[in-house]
Amino acid sequence: MPRYDAKRLEPKWQAYWEEHQTFATGPFDPAKEKMYVLDMFPYPSGAGLHVGHPEGYTATDIVCRYNRMKGKQVLHPMGWDAFGLPAEEYAIKTGTHPAVTTAKNIETFKRQLKSLGFSYDWNRELATTDPDYFRWTQWIFLQIFDTWYDASCEWTGPDGVKRIGRGRPISELPIPPDVAANGEAAVRRYQDQQRLAYQHEAPVNWCPALGTVLANEEVVDGKSERGNHSVERIPLRQWLLRITAYGDRLATELDNLAWPESIKLMQRNWIGRSEGAEVDFWIGVEGSGLRVEGKTMSSPSTLNAEPSTFNDWLASRAQTGFPREPGDDVLRIYTTRPDTLFGATYMVLAPEHPAVDRLTTPEQRAAVEAYRQQASFKSDLDRTELAKTKSGVFTGGCAINPVNGEKVPVWIADYVLISYGTGAIMAVPAHDMRDCEFALTREPRLPIKAVVRPSDRFLVEGHVIILKAGPRVDAAKMLLADPLRVDRDPGMRQLAETVVKTDGWQEAQAAEEFFKCYANHPELWLPVEDGPGAAINSGKYNGLPTAEFKSKITADLAASGLGRKAVNYRLRDWLFSRQRYWGEPFPLWHELDAYGQPTGLLRVDAESALPITLPEMADFKPTGTPEPMLSKAPESWLYQTAPDGTKLKRETNTMPQWAGSCWYYLRFVDNKNAAAFIDPQLEKQWLPVDLYVGGAEHAVLHLLYSRFWHKVLFDRGHVHTAEPFQRLVNQGMILGEVEFTGYRRLGLRPDPNGSESAADGKAGVGTESQPTGEWVSASEVTDDDDGNAILKATGERLATVKLSLDAVKKSGDSFVLADRPDVRIESRAYKMSKSRGNVINPDSVVENYGADSLRLYEMFMGPLEAVKPWSMQGVEGVSRFLARVWRTITDDRADDVRLNPAVQDTTPAEPQLRLLHKTIKAVTHDFDTLGFNTSISRLMEFMNEVTNWSVRPISIMRPFVLLLSPLAPHVAEELWQLLGGTTTLAYEPWPTFDPKLVEDAVIDVPVQINGKLRAKITVDAKADQATIEAAARREDSIISQLEGKTVVKVVYVPGRLLNFVVK
RNA sequence: GGCCGAGUGGCGAAAUAGGCAGACGCACAGGACUUAAAAUCCUGGGUUCCGAAAGGGGCGUGCGGGUUCGAUUCCCGCCUCGGCUACCA
């Protein structure tokens, strides 16, 4: 009976832990070090757990178990991110309430997680859909709603760090006198504009199929991320959170976090802070009557009351300064290159820009209207697809460049986005690749004017850019003929030579034009991107280096009221409302007038009214319009009359799924608190999260949103750290088993009736499932847009054939058909997906091998962060290891579970002790660095030795079981009990090693000659160089190798190696 | 197109303040046990050349260079694969 039987052991110990509340977090003990270890909680989908989930969960579980044994108090909770579309979609289909589906899925997930033996404190379980939980989600929303961002506030937080900029209560917002003069309603409207949660009408991604509006990040390639439905852009009133106010802090405060650099970088890129200037270009009153006189900014004339000329306007600006909001007489642009203002040869507005109507001349109106119409229907995908040939239309209108009084034509084009900067740009085709592409593809071509002469070094680099963009051979030959340039940079010569050798290639027409333009005009050999250079053709600024020029002209523009320094973020404010049912309702009311129409004024629910729960609904079908689902709610839910008699209507949007996951790490600390979202004392004790593990797919959004909420709470004094997650680790994706794929044509075997063409896949004998055509080498194959295999050369559709390992063999770098070595085979592991049929279900692994084997295998596959393919045989391997551990300690031939007779209570021999202590050292180190794969190797090596011992001292085996226990806790508990343990081993002290026992008395020193290994000598560990060198010179192989040569040098690395350098 | 990461045996991988490449596991091959199989245990192996063997030599960490007594590790250039991103002025 007592073979290793996971199915018997595992439920037994899971029941024990539950019964004894082994992993319940006790009351906080200030005397103990704390450790808060968090997994990214899952969305409980109907499909159940995926093998990707236990990867991170096992890693954190090991860390927790290890640290408990090291005497720390550990907080390790689990919960459910349970709002979201799938449950609602299921409700639409079947009428099942999302709450029912959600509860059922949670049940499944919980059972599965428990079957893996994770040491969660289940008393802390929560779901974002619990009214007890989302009560506080709503409460935090009200905090955000109650906050405005004071960008100039200087303050020192509880962390002792000085900051500029703070979220403050709306009651502290200074009200400008002119607003105050207009009465209370005006003040309230003014406040509402400044809140961190505000309403905004904006074009949004309306997805008719889902009946909802999607956030930009939920739209992938112009289709909905979920369901792949088409998406249109329509304007809609939305709630937004002013995350951009925190852009700087979200970027800079990443610096001190122990996060992977790549994730930090992704967040910084996402935030995309850029510094530049806003500049106004005059377009005259109503865009007409545009008159230019010869004067420019540097020589303003006297002020006229009604600016009717450019000079008057300049003069008035010199007096009034730069207005907060641009008036109708200007186009405000944003640029990061104010130093290229003199090179602006045209301007571009986003098609949606409000000034377009004013600027469009009668002759151009039809074209402009048509273009705008077309642009409004375009999804983002269409816009990017047309990227290669930039489209645009001339408005017929012009604006005046404030720095030189030049008249520049104004275009509209959708390569300029309304949502970034001011939705308008000045185009400098000489120094901006996009502007250049646009200018060169107009007919007639738009002028290009260079205003920066790059440094010599950048001339060379400019060439590199041209080489990459244009016909390389000519450029490369030209370069090689110019030793001055080539010799300055060896990489340059190499590149040029390579290009000449390989004959280069032709790129798109635009790139060629771009190149010609540059090649013929040396003054245009410029860096396209920022680079050190000096101004030319820029009036009084000529000769100024770029950086100096930027700050100088920005200051000058500000002084003359024409521009100002500006910062922009790629990051947009967070679109926070959804039109769905299954989300948190907003705790807000709209005031209604006597006719039942919203007045635009808002009221909030009292804290005591929270949670605002979802109304019961008769059906879950989307409204089919952009109207939110909740607008179909019962009247009793929708309307109420305030004590002062005002009629109120509820906000009918719901919050996005991100809301609940923004703060769950806080609630875990104090999940039962009915008086506060978290007890302040407990918050100080447990936060921040010490280790946060999850998939890299949340690198940007979830982590950025949580950090944002946390910072608002920090500013408002509710949490004491500026950052929620101190250390972050991303586990790598687990792919399906490696697959060998061959490709064949669909069926070219000649049809008996004569016709042979089968390129369309219909004629011929073969079919897609039973292809009979010629094999095609994998190198000839590529994927089309729908992911089908096609022949690179002709686009002919091919059939894919799964091959077994026996059918292929390795040849050089690639795999080929075993009997057709000329046919290359693709060998790859793919993402697990239902459609591919390569999904591994953890339940079946537990059923066949046990939870300990699954855990061990997931950790043994490779480094935690790496992407790795699954292998069922690998599971079998670690399972064999556990069985060997079992047999080594138990007597598997006995009828009951008892110790192996070889396990005895005797004094261990020194080699046994040494092996144990080395293993302790290595495993401890590996656990500290999350190197679980190597820790398992070390335990295997230990076992390989121990199985050879006829006597296995208990005092060796007990610490070994403790070392194994974080990895494979069930079998470890069972063995621990057998070795005399009376309670769980979860709190046994972690074994320590004796430094004296991990050092060897004699060591092997490799001896090299000229860096090549020639011998190994065994010496006393303390031997000095002379002794070792003498010993080495006595070695036969060394003697013969040294014969007739002169030793010029001897390199000795203490304890590592000896190297004779000879001639 | 941009950014990030990775390329080491048949496969998953180890080893990097530069110092014995391939630990550990899988798969494979041979052997033991067995009536047989499974399970288990033992043995073997990067590759190539010389040798009957013992043994010895060459080549080997994607490719091409460089620095060094010595490079999987550092530097330059290139190729391939994967992930993220997508006109952000």
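The chains referred to below are lettered A, B, ... by the order of the sequence lines, with proteins before strands, and numbering in each begins at 1.
In terms of the ring pair (Phe, Tyr, Trp, His ring centres under 6.0 Å) criterion, residue partners of F960(A) (sequence neighbours excluded) are, by chain and number, F942(A). The ring pair (Phe, Tyr, Trp, His ring centres under 6.0 Å) check on F881(A) picks up nothing, with sequence neighbours excluded. A search for salt bridge (charged side-chain N to carboxylate O under 4.0 Å, His left out) contacts involving R884(A) returns nothing, not counting sequence neighbours. Scored by the salt bridge (charged side-chain N to carboxylate O under 4.0 Å, His left out) test, K831(A) finds no partners at all (sequence neighbours excluded). With sequence neighbours left out, T947(A) forms a side chain to side chain donor-acceptor pair (under 3.5 Å) with no residue at all. In this structure D248(A) satisfies the salt bridge (charged side-chain N to carboxylate O under 4.0 Å, His left out) test together with R273(A), sequence neighbours excluded. For W949(A), there are no ring pair (Phe, Tyr, Trp, His ring centres under 6.0 Å) partners, not counting sequence neighbours.
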Please tabulate the protein-to-nucleotide N/O contacts below 3.5 Å involving nucleotides 5-11 of chain B, giving atom names and distances.
{"residue": "C11(B)", "atom": "OP1", "partner": "K810(A)", "partner atom": "NZ", "Å": "2.9"}

Could you list all N or O pairs between the protein and nucleotides 39-41 of chain B that sit under 3.5 Å apart?
{"residue": "U40(B)", "atom": "O3'", "partner": "R887(A)", "partner atom": "NH2", "Å": "3.1"}
{"residue": "C41(B)", "atom": "OP1", "partner": "R887(A)", "partner atom": "NH2", "Å": "3.4"}

Kindly give the atom pairs (protein nitrogen or oxygen, nucleotide nitrogen or oxygen) under 3.5 Å for nucleotides 66-72 of chain B.
{"residue": "C69(B)", "atom": "O2", "partner": "N1059(A)", "partner atom": "ND2", "Å": "2.3"}

Nucleotide N/O to protein N/O under 3.5 Å, stretch nucleotides 79-85 of chain B:
{"residue": "G82(B)", "atom": "OP1", "partner": "R828(A)", "partner atom": "NH1", "Å": "3.3"}

Strand RNA chain B in bracket notation, Watson-Crick/G-U under 3.5 Å with | for pairs to another chain:
(((((((..(((......[....))).(((((.......))))).(((((....)))))..(((((..]....))))))))))))....
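Rounded to whole Å, the separation between the C1' atoms of G45(B) and A29(B) comes to 9 Å.
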